[in-house]
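A, B, ... follow the sequence lines: proteins, then strands. Residue 1 opens every chain. All of these numbers come straight from a predicted model, not from anything done at the bench.
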Number of protein chains: 2
Amino acid sequence: MPLAAPSAETLGFARHDHNHCVSEALEAAEERCADAGLRFTPVRRRALEILLEEHRALGAYDVLERLQEEGLGAQPPAAYRALDFLVANGFAHRIERLNAFIACTQPGEDHVPAFLICRTCGRVAETVAMPGKGVIEAAAGATGFRIERVLVEAEGLCADCVTEAGR
Amino acid sequence: MPLAAPSAETLGFARHDHNHCVSEALEAAEERCADAGLRFTPVRRRALEILLEEHRALGAYDVLERLQEEGLGAQPPAAYRALDFLVANGFAHRIERLNAFIACTQPGEDHVPAFLICRTCGRVAETVAMPGKGVIEAAAGATGFRIERVLVEAEGLCADCVTEAGR
DNA sequence: GCTTGTGATGTTACACTATACCATTTATGA
DNA sequence: TCATAAATGGTATAGTGTAACATCACAAGC
Ligand SMILES: [Zn+2]
Ligand SMILES: [Zn+2]
Ligand SMILES: [Zn+2]
Ligand SMILES: [Zn+2]
């Protein structure tokens, strides 16, 4: 590693060794795809890597832009296809509020993701929503609605931005 | 009422007297705007009425189309402005998952709305999310994130569509 | 009445997000 | 090898949302 020092950047809102976390996640994805008989093609791999590099939500066109720089697909469908694959197989999530995508922080584990979105700095943290205990589930049960997927996204200010604003 | 019989249609997923519910909600909105010093203009009133008429989520362009038929604004901004007003003042909600809007079922009351979205028939029911008791709030508190707004949207099959599919 | 400021509306033009569709290539498996 | 399915390339277009500026309506104060 000649120039760039191994960096500790902010993931979600916590610090960690970023280089390590990216490569590890990619390896894990590779392995999981092999096991599941999924094709982890160059475009899909690179798309995931792009999402992992930034720990924030990226729009499909942001991803496309980076893919284009490397000759991996030049049109919107290329990005959407890769992202759809990642979302469908649990490697990434879509943030509806932002029309954007983010790498999953616990791929492979069955979970109901929830997101904390800072409206100032745009960073996003993934956490987990309470499974099966909410009032929503109760209301659904009462009316016979069968829930297949729950989307939870919270907007507000992250700790750093609260401090900024508080001064 | 000459031709159309006073109808009992489906609100969310429950039956009710629809004519009555629309007019009542409009009157209530009128009153609340008067009290709060808000201008409940023709476009805004009609936009709310449109949302109330259908008890489902409508896209901004669906609303625009209906407004156009009556000469109330011909361009997208007209619809978006009216809808923004309704959302900002609690008369309607935006469903992020659908890029659509729906009239609030309990305007005036401070609540965290949650939605049940049927992926087959497209109907949407509003219920309430548990305020302050979820794991999300706990995770937010732990990291110093200050939540300002929470978005909860559940996708699945409504009772009718479950029955359909079950056969 | 007139002025003035604010908020609402009209209008154009454009930016951003997403998909339908068809042709071509690549991998998989009989 | 050949048939099949999956993935990609590419065009075009649909759908969603806003910036920016001009104009209009209204209410408060002179
Ligand atoms: Zn996840
Ligand atoms: Zn922040
Ligand atoms: Zn509501
Ligand atoms: Zn249904």
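Closest to the side chain of B/Ala60, from the set C/dT19, C/dT11, D/dG17, is D/dG17. Closest to the B/Arg39 side chain, of the nucleotides D/dG10, D/dC26, C/dT11, is D/dC26.
The residue A/Gly73 sits close only to the backbone: its heavy atoms come under 4.0 Å of sugar-phosphate atoms, none of a base. In this structure, B/Phe85 reaches neither bases nor backbone, as no heavy-atom distance under 4.0 Å exists between it and the strands shown. Residue B/Arg81 is in base contact, counting any heavy-atom pair closer than 4.0 Å across all strands shown.
Here the P atom of nucleotide C/dA8 and the OH atom of B/Tyr80 are 20 Å apart, to the nearest Å. Following rounding to the nearest Å, A/Glu70 (CD) and D/dG9 (P) show an atom-to-atom distance of 13 Å. In this structure, B/Leu58 atom CG and D/dG15 atom P are separated by 15 Å, rounded to whole Å. Atom C1' of nucleotide D/dG9 and atom CD of A/Gln75 are separated by 7 Å, given to the nearest angstrom. Rounded to an integer number of Å, the gap from A/Leu83 CG to C/dT17 P is 12 Å. Between the P atom of C/dA18 and the CG atom of A/Leu98 lies a distance of 11 Å, rounded to the nearest Å. Rounded to an integer number of Å, the gap from CG of A/Leu64 to C1' of C/dA18 is 12 Å. Between the CD atom of B/Gln68 and the P atom of C/dG10 there is a distance of 12 Å, given to the nearest Å.
Contact of B/Tyr61 with D/dA14 (side chain to base): no donor-acceptor pair of N or O atoms is detected under 3.5 Å.
Looking at A/Arg119 and A/Glu155, no side-chain N of the basic residue comes within less than 4.0 Å of a carboxylate O on the acidic one, giving no salt bridge. Under a 4.0 Å N-O distance rule, the pair A/Glu53/A/Arg46 qualifies as a salt bridge.
Nearer the 5' end of DNA chain D, as judged by each residue's closest nucleotide, is the contact made by A/Pro42, out of B/Pro77 and A/Pro42. Along DNA chain D, the nucleotide nearest B/Arg94 and the nucleotide nearest A/Arg44 are compared for position; the residue whose nucleotide lies closer to the 5' end is A/Arg44. Sequence order on DNA chain C of the closest nucleotides to B/Ala78 and A/Pro76 puts B/Ala78 first from the 5' end.
The phosphate of D/dT16 (OP1 or OP2) has no side-chain N or O of A/Asn99 nearer than 4.0 angstrom.
Two residues are said to be in side-chain contact when any heavy atoms from C-beta on lie closer than 4.5 Å; A/Ile117 and A/Ile95 meet this criterion.
When all heavy atoms of B/Leu26 and B/Leu52 are compared, the pair lying nearest together is CG-CD1, 4.1 Å.
No cation-pi contact links A/Arg45 to A/Phe40, judged by a cut-off of 6.0 Å to the six-membered ring centre and 45° from its axis.
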